[in-house]
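Reading through the structure tokens given below for one structure.
In what follows, residues are counted from 1 in the order of the sequence shown.
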Amino acid sequence: MNQYLKRVIVICLVMVMMTMSIMPAYAQVKTLSEDISAREYSNDDLAGIEVSPRGQIISSVTLELSDEGYRTVGIYSEVLCHVKAKKILMAVILQKYEDGRWKQVNRKDIEWLKEDYPDDDLSMAVVTYRLRGLSAGDYRLKGNYSVYELEGSLQEFKTVTTPVFVVP
């Protein structure tokens, strides 16, 4: 009887071990908030955000709105890529809070193409400029980024928004 019981237990254990080796395993899907590292910062002179989306193409995005004095703001936007790109599109939108909603005040669309930089690797894009004559109020920047990989058909999109910035 003992001999028979031992054989049954050994056979059951072997069957369990064999089925475990063929069971499918599923990777855990991360939510968007777990997959993005973001750091917002603001004070009287500056409001910005640095985002590291850990995407397949986009490495990091920085977007800043700064006080240049006399109702003038400085705008800085940067996107860095893991890989070489054939095209980078950036839209920087200044919004003002009026009548209970955000209204577009200014928009700048910029495009970088690899063919315009044949001797360089297109893996980053930076734009900086100033806007003058703004009225007092609450402002924020929104950045839309689209990057197209050089060696394939992969593309990635990212949208970020700065914290509120007060123009006195």
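Not one N or O on the side chain of S123 forms a donor-acceptor pair closer than 3.5 Å with the backbone of L80. Remark: the backbone N or O of P168 is paired with a side-chain donor or acceptor of R71 at under 3.5 angstrom.
Atom CD1 of I75 sits about 5.0 Å away from atom CG of L94, to the nearest 0.5 Å. Note that CG of L134 and OH of Y139 are 4.5 Å apart. Values are rounded to the nearest 0.5 Å. Interatomic distance, CD of E149 versus NZ of K86, reported as 8.5 Å (0.5 Å rounding). To the nearest 0.5 Å, atoms CD (Q155) and CD1 (I57) are separated by 7.5 Å. Taken to the nearest 0.5 Å, the CD atom of E64 stands 11.5 Å off from the OG atom of S42. Rounded to the nearest 0.5 angstrom, E78 CD and M124 CE are separated by 5.0 Å.
For K114 against L122, the heavy-atom pair with the smallest separation is N-CD2, 3.6 Å. For the pair K108 and N106, the tightest heavy-atom approach, listed with the atom from each and the gap, is N-OD1, 4.2 Å. Annotation for G74 and E68: closest pair N-CG, 3.3 Å, computed over non-hydrogen atoms. Closest approach of K158 to V61, counting heavy atoms only: CG-CG2, 4.3 Å. L46 approaches F165 most closely through the heavy-atom pair N-CE1, 3.5 Å.
For Q104, the CD atom counts as densely surrounded, since its 6.0 Å shell holds more than 12 non-hydrogen atoms of other residues, nucleotides or ligands. Surrounding CG of D44 are at most 12 heavy atoms belonging to other residues, nucleotides or ligands under 6.0 Å away.
Annotation: side chain of V164 is in contact with side chain of W102 (closest heavy-atom distance under 4.5 Å). Taking the side chain as every heavy atom from C-beta outward, K87 and E111 approach each other to under 4.5 Å. Counting heavy atoms from C-beta on, the side chains of L141 and S77 never come closer than 4.5 Å.
Placement of Y76 and I88 in two distinct hydrophobic clusters is found when ILVMFWY residues are connected by side-chain heavy-atom separations under 4.5 Å, directly or transitively. Residues I93 and V51 do not share a hydrophobic cluster, clusters being chains of Ile/Leu/Val/Met/Phe/Trp/Tyr side chains in contact below 4.5 Å. Note: the hydrophobic cluster containing I110 also contains I58 (ILVMFWY, side chain heavy atoms under 4.5 Å, direct or indirect links).
Side-chain atoms of Y145 and E156 include no donor-acceptor pair closer than 3.5 Å. For the residue pair K96 / S135, a side-chain donor-acceptor distance below 3.5 Å is found, with atom types taken as modelled.
Evaluated for a side-chain contact (heavy atoms from CB on, under 4.5 Å) with K142, the options T162, L63, T159 yield exactly one hit, T159.
Through side-chain heavy atoms spaced under 4.5 Å, either directly or across other Ile, Leu, Val, Met, Phe, Trp or Tyr residues, Y148 is tied to L89, F157.
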Just do the side chain to side chain donor-acceptor pair (under 3.5 Å) check on S52 and E50 with the steps written out, would you? CA-CA 7 Å; S52 298; E50 292 177 1; over 6 Å; no
